[in-house]
Amino acid sequence: MPTYTLPDLQYDYGSLEPHISGKIMELHHDKHHAGYVKGANETIEKLDQARDKEDFTRLGALEKALSFHLSGHVLHSLFWQNLTPKGGGRPDGKLGEALKRDFGNFDKFRRQLTETASSIMGSGWAALVWEPLGGRLLTTQIYDHQSNLSQGGIPILVLDAWEHAFYLQYQNRKTEFFEAVWNLWNWKDVAERFRSVADLDVSLAGAAR
Ligand SMILES: [Fe+2]
């Protein structure tokens with residue numbers, strides 16, 4: 001029985017136009033994201049077989065594959081929900097206040113996240129994460145889907161910086177794509193995610209001020 005499933009989009013492929021073309025959304029969801037779901041399920045199956053055979057000779061490669069595919073699945077599932085055809089603007093309430101506290105103001109946060117995406121070398125993501133140890137928001141540059149992470153951080157907003165996310169429409173002008181996405185952010189979704197993680201206690205007393 002497969003563990004992971006490809007979630008449906010909550011909007012039509014073409015509904016994020018002109019910022020993201022329908023063709024990109026269709027390929028991105030139905031081919032790329034689906035591939036990570038398939039890869040994660042296949043790797044889980046191979047781990048089951050390795051335990052059955054008591055043969056762990058390929059365990060290192062399987063752990064790498066699971067990390068890659070499962071992280072790809074998580075990040076894409078989150079990215080789709082972070083976007084909405086009626087998005088954009090800026091958040092108020094507790095999320096708006098936390099962005100102001102941790103980045104100075106919304107425009108500085110916007111600039112930092114866009115730069116985080118633009119300066120990725122190769123494939124990766126820019127993310128806004130809640131860091132529970134220090135109790136603050138941070139931006140994070142994720143290489144591929146799984147590397148360069150600070151442990152404990154929980155992504156609440158992610159921006160796909162892989163070429164498959166924009167190349168059909170924007171070619172090498174990736175910063176134009178990163179700017180266009182600011183018309184699509186679903187701040188209601190991000191604020192709900194922030195609410196659900198902001199009180200998380202990781203029980204590491206004395207490890208942060
Ligand atoms: Fe992607």
Side-chain angles (χ1 to χ4, degrees), residues 2-44 63-88 110 112-130 138-150 153-187 189-190 193:
T3 304
Y4 303 106
T5 53
L6 181 67
D8 291 333
L9 291 180
Q10 300 302 304
Y11 37 79
D12 295 333
Y13 297 127
S15 63
L16 303 184
E17 292 183 355
H19 309 296
I20 306 177
S21 78
K23 189 67 192 165
I24 285 182
M25 289 303 294
E26 185 179 354
L27 284 169
H28 202 170
H29 177 267
D30 293 9
K31 303 295 181 192
H32 293 281
H33 186 173
Y36 301 128
V37 173
K38 185 166 177 278
N41 284 324
E42 285 175 355
T43 311
I44 292 281
E63 293 286 6
K64 277 202 173 105
L66 184 62
S67 171
F68 177 80
H69 291 295
L70 180 53
S71 298
H73 177 36
V74 169
L75 289 171
H76 283 93
S77 300
L78 179 53
F79 186 45
W80 308 140
Q81 294 198 30
N82 283 158
L83 302 176
T84 176
K86 296 191 182 90
R110 175 177 170 151
Q112 183 170 326
L113 190 78
T114 304
E115 285 292 326
T116 300
S118 299
S119 55
I120 287 169
M121 290 187 255
S123 298
W125 297 73
L128 172 67
V129 304
W130 174 251
L138 294 171
T139 56
T140 295
Q141 212 171 41
I142 302 169
Y143 298 154
D144 297 322
H145 301 307
Q146 76 281 22
S147 304
N148 205 42
L149 295 167
S150 302
I154 302 163
I156 59 172
L157 175 150
V158 292
L159 174 49
D160 194 334
W162 283 57
E163 282 192 346
H164 69 223
F166 61 84
Y167 205 82
L168 269 182
Q169 186 177 358
Y170 291 92
Q171 288 85 45
N172 62 324
R173 305 181 313 279
K174 65 180 181 179
T175 301
E176 277 181 39
F177 166 66
F178 301 142
E179 290 292 348
V181 171
W182 291 88
N183 297 297
L184 299 171
W185 290 130
N186 183 351
W187 291 116
D189 175 73
V190 182
R193 293 180 189 285

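All values below come from the heavy atoms of this structure, side chains included, with hydrogens, waters and symmetry mates left out. Since the model is a prediction, treat every value here as computed from it, not as a measurement. Indexing begins at 1, ligand by ligand and atom by atom, following the structure's order.
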Indicate if the distance from the Fe ion (ligand 1) to the nearest N, O or S atom of His32 falls below 2.8 Å.
no

Under 2.8 Å from the Fe ion (ligand 1), is there any N, O or S atom belonging to His28?
yes

For [X], what is the atom name of its N, O or S atom nearest to the Fe ion (ligand 1)?
| X | answer |
| --- | --- |
| His164 | NE2 |
| Asp160 | OD2 |
| His76 | NE2 |

With distance as the sole criterion, is a donor-acceptor pair present between the side chains of Tyr36 and His145 under 3.5 Å?
yes

Decide whether Asn186 and Asn82 meet the rule of one side-chain donor and one side-chain acceptor closer than 3.5 Å.
no

Aromatic plane relationship, His164 with His76 - under 30° parallel, 30 to 60° tilted, over 60° perpendicular:
tilted

Positive for side chain to side chain donor-acceptor pair (under 3.5 Å) with Trp80, one of His33, His28, Gln10
His33

Are Arg110 and Glu179 within salt-bridge range, i.e. N to O under 4.0 Å?
yes

